[in-house]
There are 2 protein chains.
Amino acid sequence: MYQRKIPIDYNCGLNVAMEVVGSKWKFCLLDEISKGIKRPKDLVNAITDISKRVLQSQLKELEFHGLLGKTVYNEIPLRVEYFLTETGESLLPLISAIDKWGLEFAPQLKIILENQIIEVES
Amino acid sequence: MYQRKIPIDYNCGLNVAMEVVGSKWKFCLLDEISKGIKRPKDLVNAITDISKRVLQSQLKELEFHGLLGKTVYNEIPLRVEYFLTETGESLLPLISAIDKWGLEFAPQLKIILENQIIEVES
DNA sequence: ATAAATAGGGATTAATTTATCACTATGTGA
DNA sequence: TCACATAGTGATAAATTAATCCCTATTTAT
């Protein structure tokens, strides 16, 4: 975690929402967990490019913020499963809408960024 | 702007969306502009705590990514107005949904973070 | 010539997030 | 004892975002 120096504006819903889900991997994590991938080791495999360390810290924050819960099974090797809380569930429609928007926008962004590189090199 | 070292995954809508709107002020900016506050000087006043410099850089990025357009009026003093492009408009429903979610979640987050501070101090 | 109002950018630092690497802990079975 | 599999953390570095301070440019009015 990190002790903020710049405070959150609780009256701005956008600010609040960004605080708990506005990071690189959290939407992906909630998405994967909603699809039934619940164990850290499976999440690491499912999400390309996330490292184990970052995964754990993001899971911890999501749990701390009350979007995820976890179950520890008394098995060997240890089995831990994360699940969406009611609050976490309430985000799913937003996540899928954002994902959809992003996919539609992707080609446009690709073109923009590729043109930018050409300008820089010429 | 900033020349990314870690590339964008264009196949992940969430990743793409976060790239263009996943920053502290962009949702707020799009929101205010959609409400009719279009000039930089008015946006600076409307958005508590944003500085002029940051505002300009965020507007520039939003324009670069094709979510905003701008009109320069030949007046003195100079008048510039930003407006939402079609792509920008398409984000409005998402923004209002996120804002709504954040406002509902705010009290919960406040309690969580306040409890955290008490633990640290005891 | 100078101040005022507006938009915008350069350079730098501070804040924050993400990545890397290497560790601990647990219980099992070779 | 030692390696394995799983979950998790500590310390640190690298990447990225945001904040600060101060400058330029334009045109009008004093």
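Naming: A, B, ... by sequence-line order, numbering from 1 per chain. None of these values were measured; they are calculated from a predicted model.
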Partner residues of [X] under the side chain to side chain donor-acceptor pair (under 3.5 Å) criterion, sequence neighbours left out:
{"X": "A/Ser57", "result": "none"}
{"X": "B/Asp99", "result": "none"}
{"X": "B/Lys38", "result": "none"}
{"X": "B/Glu75", "result": "B/Arg79"}

When you list every nucleotide of DNA chain D with an atom under 4.0 Å from a heavy atom of chain A, which one comes first 5' to 3', and which comes last?
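The footprint of chain A covers D/dT6 to D/dA19.
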Just by distance, do the side chain of A/Thr87 and the backbone of A/Leu67 share a donor-acceptor pair under 3.5 Å?
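Not at all, since once roles are kept as given, no pair shorter than 3.5 Å links the two residues.
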Donor-acceptor pair, distance only, cut-off 3.5 Å: does the side chain of B/Asn45 make one with the backbone of B/Lys41?
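The answer is yes, because a donor-acceptor pair under 3.5 Å joins these two groups.
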Kindly state each residue pair satisfying salt bridge (charged side-chain N to carboxylate O under 4.0 Å, His left out) with at least one member in residues 9-21 of chain B, sequence neighbours excluded.
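Pairs touching residues 9-21 of chain B that pass the test: B/Arg4-B/Glu19.
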For B/Tyr73, which contact category applies under a 4.0 Å heavy-atom criterion: base, sugar-phosphate, or nothing?
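No contact.
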What's B/Val54 touching, base or sugar-phosphate or nothing? Going by heavy atoms closer than 4.0 Å.
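Base: the residue B/Val54, judged by heavy atoms under 4.0 Å, touches a nucleobase.
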Using a strict heavy-atom distance below 4.0 Å, which residues from residues 5-42 of chain A are in contact with DNA chain C?
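Only A/Lys5, A/Ile6, A/Ser23, A/Lys24, A/Trp25 qualify.
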DNA chain C: 5'-proximal contact among A/Gln58 and A/Leu78 (nearest heavy atom):
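In this pair, the answer is A/Gln58.
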What is the separation between atom [atom1] on [X] and atom [atom2] on [N], rounded to the nearest whole Å?
{"X": "B/Glu75", "N": "C/dA7", "atom1": "CD", "atom2": "C1'", "result": "13 Å"}
{"X": "B/Tyr82", "N": "C/dA7", "atom1": "OH", "atom2": "P", "result": "9 Å"}
{"X": "B/Glu61", "N": "C/dG8", "atom1": "CD", "atom2": "P", "result": "14 Å"}
{"X": "A/Ile76", "N": "C/dG29", "atom1": "CD1", "atom2": "P", "result": "10 Å"}
{"X": "B/Leu55", "N": "C/dG8", "atom1": "CG", "atom2": "C1'", "result": "11 Å"}

Can you list everything that forms a side-chain contact (heavy atoms from CB on, under 4.5 Å) with [X]? Sequence neighbours excluded, please.
{"X": "B/Ser51", "value": "B/Arg53, B/Val54"}
{"X": "B/Thr48", "value": "none"}
{"X": "B/Val44", "value": "B/Lys52, B/Leu55"}
{"X": "A/Lys35", "value": "A/Asp31, A/Glu32"}

Would one find a side-chain N or O of B/Tyr2 under 4.0 angstrom from OP1 or OP2 of C/dT17?
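The answer is no; no side-chain N or O of B/Tyr2 sits under 4.0 Å from OP1 or OP2.
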Using a cutoff of under 3.5 Å, can you pull out all pairs of nitrogen or oxygen atoms linking the protein to nucleotides 9-11 of chain C, with atom names and distances?
residue, atom, partner, partner atom, Å
C/dG9, OP1, B/Lys60, NZ, 3.4
C/dG10, N7, B/Arg53, NE, 3.2
C/dG10, N7, B/Arg53, NH2, 2.9
C/dG10, O6, B/Arg53, NE, 2.5

